[in-house]
*Asks:* 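Here it is, the structure in full.
Letters A, B, ... are given to chains in the order of the sequence lines, protein chains preceding strands, and every chain is numbered from 1.
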Protein chains: 4
Amino acid sequence: MSAAHGDKLNAILDAAYRLFGTRGYYETKMSDIAEEAGIAKGTLYLYFSSKEELFTAMTKRDFDGFIHQLRIVLQCAHTLEEQLTAAAAHHLTYYYRVKDYTRLFFHAPNNDQALMDALNEFLQRYSGIIAELLTSYDIANPKLHAQSFIGILDVFKMDILFNPMFTEEDLELRIDFAVTLFRYGCK
Amino acid sequence: MSAAHGDKLNAILDAAYRLFGTRGYYETKMSDIAEEAGIAKGTLYLYFSSKEELFTAMTKRDFDGFIHQLRIVLQCAHTLEEQLTAAAAHHLTYYYRVKDYTRLFFHAPNNDQALMDALNEFLQRYSGIIAELLTSYDIANPKLHAQSFIGILDVFKMDILFNPMFTEEDLELRIDFAVTLFRYGCK
Amino acid sequence: MSAAHGDKLNAILDAAYRLFGTRGYYETKMSDIAEEAGIAKGTLYLYFSSKEELFTAMTKRDFDGFIHQLRIVLQCAHTLEEQLTAAAAHHLTYYYRVKDYTRLFFHAPNNDQALMDALNEFLQRYSGIIAELLTSYDIANPKLHAQSFIGILDVFKMDILFNPMFTEEDLELRIDFAVTLFRYGCK
Amino acid sequence: MSAAHGDKLNAILDAAYRLFGTRGYYETKMSDIAEEAGIAKGTLYLYFSSKEELFTAMTKRDFDGFIHQLRIVLQCAHTLEEQLTAAAAHHLTYYYRVKDYTRLFFHAPNNDQALMDALNEFLQRYSGIIAELLTSYDIANPKLHAQSFIGILDVFKMDILFNPMFTEEDLELRIDFAVTLFRYGCK
DNA sequence: CATGAATGAGCTTTCATTCAT
DNA sequence: GATGAATGAAAGCTCATTCAT
């Protein structure tokens, strides 16, 4: 894979991310993506054999970045409290940064097994990392706890993505709230 | 003829629920819904002015049923523990019952404001009921706590919907787990 | 045909005239006509077996009115000059009065032989009346002359129907102009 | 590839002319035009963004051809008599040649402003050319006279288009008749 | 006579994908 | 590798007409 090839590939994935994210899968045309990427329509098919495959590839790159970044922020934290807070901050900040790309979270192609697999794999990796963390602190049921922690965080995406008044302070508040609830329960 | 009218209306909504739920919005044709409902294509348009409107109406009916059922099960519970357990059981059992209709939760028409409004309204009602509950027990931050509780429950939908080995025991386990975590934190 | 029947019939024809005239044949729905006439959709079909037949009936009534009126105004005129002027005034005033119903002259159903027959028959009757007039003054080629006279008048419909500034003076001017040109040629 | 492009464009316009002309606007399907032109349905939309636009483009090409031809035949005539005869012959011969395309003159899409504009522009150009001619011979009211001349000619289209027995001699007769009437009046 | 709920054939337009250049 | 003209399947919606009441 030459540098030029990689450049064009990333240009396509970037364009796909922007358009799928802002308009949704079915509302985005391959020709729009080609134009946004600055290449010809036919060229897309030299890189991806179908629209679905492109969508899945774009999603996977996004997932990989999420996981990669998660590992990095976790390395800078040392107590359980710090690590959960880092993970929560990473999760919510991610949504906060992409609040203009809400379609990513609601509109995907429907009958694509590869995408479903990628989604499941992502969740396994994500909850695996959190579970590993909890295991190292001897917390029981690490997998269920990890999933629940992610669930607590994820429910706030509705606020973040759809409430235009949502501020960074609201973000901080929810980060601390989620960690505290997870650790100590409601009050 | 109001009874007949209601019958046909419900036949359409039932058919829409089945097909949208198993195939997804974009993969379901209006002609399929008509056939499934046992009526002519044009008749659909006497009841709903567009495919989107039909989808939103079907969704709203589902939401209403969920909320209605929730209120009923909550009336039979009297302590906080019982009430949270009832709500958790209701939520997860709902997913368990509709595990064949996974598309309902992932594939909706894009850019439809009426649907987004319905979704938001549902979440407000749902979290409002839980928050009210928490308030009556003097728990701080009732709204955030309510959302978090729902988040914990909702994350398990991935297991329920996509893990074909998922059993009713797994269900029971998660119901108790969710309530305990919510009340007392991890460990 | 009872009075009530005739009333309803005329209500339908009136409604059809208004809607076909302002919107055009294909842009007017049978249901619109029914509503405009204050009756039910199905009732239309008790009077006319199809949309085309209704259009043709409406057109014929209009043609009959035109011819009937023409005969009346001609009876009040006695010299050739007066008669031609009366006919010209009648023709152009007709367009002037229905300038809000321009679709009548441009948009008709396409493959309806009955309508084409009605149109031809009208033109035969119209030019026949004028030709008869010319014959009584021993003018040669009465049929061609009659047609030409009608042609001179008819060309002005574009001005009348499409020029919103067109005034009654413009009308008078064209009436005299047409008669003079027809009788004496240009200058 | 401009030649090929032009070829395909003309193939489409030719096909549209034939089908719209013989069947009418609403009775002609885009798929029929594509087939007649020997291309795919979707290709039509690379050249014209809608059925209406195609109809208008076809009409304009026809109008342009009419005007172009008119200018040519007028250049070969030198007296007023000759010029009017040339114009009359051109007008009536045009109808005679396209007598199989009667729908062109009766059936156009409704509510299309671009088409109405094209029609008006054509009439302005046509009557403008005739009026200019009359002006050069110091004839008063050149615009009204020009319109009337056109009206005299145009009325004969009914005979030409709808009378299957209409011969070339009938054509010649009307050409001379129209010019004589226009110049000297009846008788 | 009158109604209007129900029908279903019909058509424009879109867009993912291909392939000759 | 890159292009973009060409393709053609596919689907939402309309509306003239029917017929049970």
*Asks:* Taking only the P atom of each, what is the distance from dC1(E) to dT21(F) in whole angstrom?
*Replies:* 22 Å

*Asks:* Going by the angle between their ring planes, with limits at 30° and 60°, are Phe20(A) and Tyr25(A) parallel, tilted or perpendicular?
*Replies:* parallel

*Asks:* DNA chain F: stems of at least 3 consecutive Watson-Crick or G-U pairs, cut-off 3.5 Å?
*Replies:* E:2-21 with F:2-21

*Asks:* Students often get this wrong, so: under 4.0 angstrom with heavy atoms, is Thr28(D) touching a base, only sugar-phosphate, or nothing?
*Replies:* sugar-phosphate

*Asks:* Tell me whether the rings of Phe66(A) and Phe122(A) are parallel (<30°), tilted (30 to 60°) or perpendicular (>60°).
*Replies:* perpendicular

*Asks:* Quick one: is Lys8(D) getting a side-chain N or O under 4.0 Å of the dA6(F) phosphate, OP1 or OP2?
*Replies:* yes

*Asks:* Please classify the nucleic acid contact of Ser49(B) as base, sugar-phosphate, or nothing, using heavy-atom distances under 4.0 Å.
*Replies:* nothing

*Asks:* Taking C-beta and beyond as the side chain, do Leu115(C) and Glu52(C) meet within less than 4.5 Å on heavy atoms?
*Replies:* no

*Asks:* Expressed in angstrom and rounded to an integer, what is the separation of Ile12(D) atom CD1 from dT7(F) atom C1'?
*Replies:* 13 Å

*Asks:* Which listed nucleotide (dT7(F), dA11(F), dA2(E)) is nearest to the side chain of Lys29(B)?
*Replies:* dA11(F)

*Asks:* Just N and O in the side chain of Tyr47(D): are any of them under 4.0 Å from OP1 or OP2 of dA6(F)?
*Replies:* yes

*Asks:* On DNA chain E, compare the nucleotides closest to Met30(A) and Gly38(B); which residue's is nearer the 5' end?
*Replies:* Gly38(B)

*Asks:* Judged by each residue's nearest nucleotide on DNA chain F, which is more toward the 5′ side, Gly42(D) or Tyr45(B)?
*Replies:* Gly42(D)

*Asks:* Starting at the 5' end of DNA chain E and moving along, which residue's nearest nucleotide shows up first, Lys41(D) or Thr43(C)?
*Replies:* Thr43(C)

*Asks:* Are any of the side-chain nitrogens in Arg61(D) or Asp14(D) under 4.0 Å away from the carboxylate oxygens of its partner?
*Replies:* yes

*Asks:* Nearest to the side chain of Leu46(A), which nucleotide is it out of dT3(F), dA6(F), dC13(F)?
*Replies:* dT3(F)

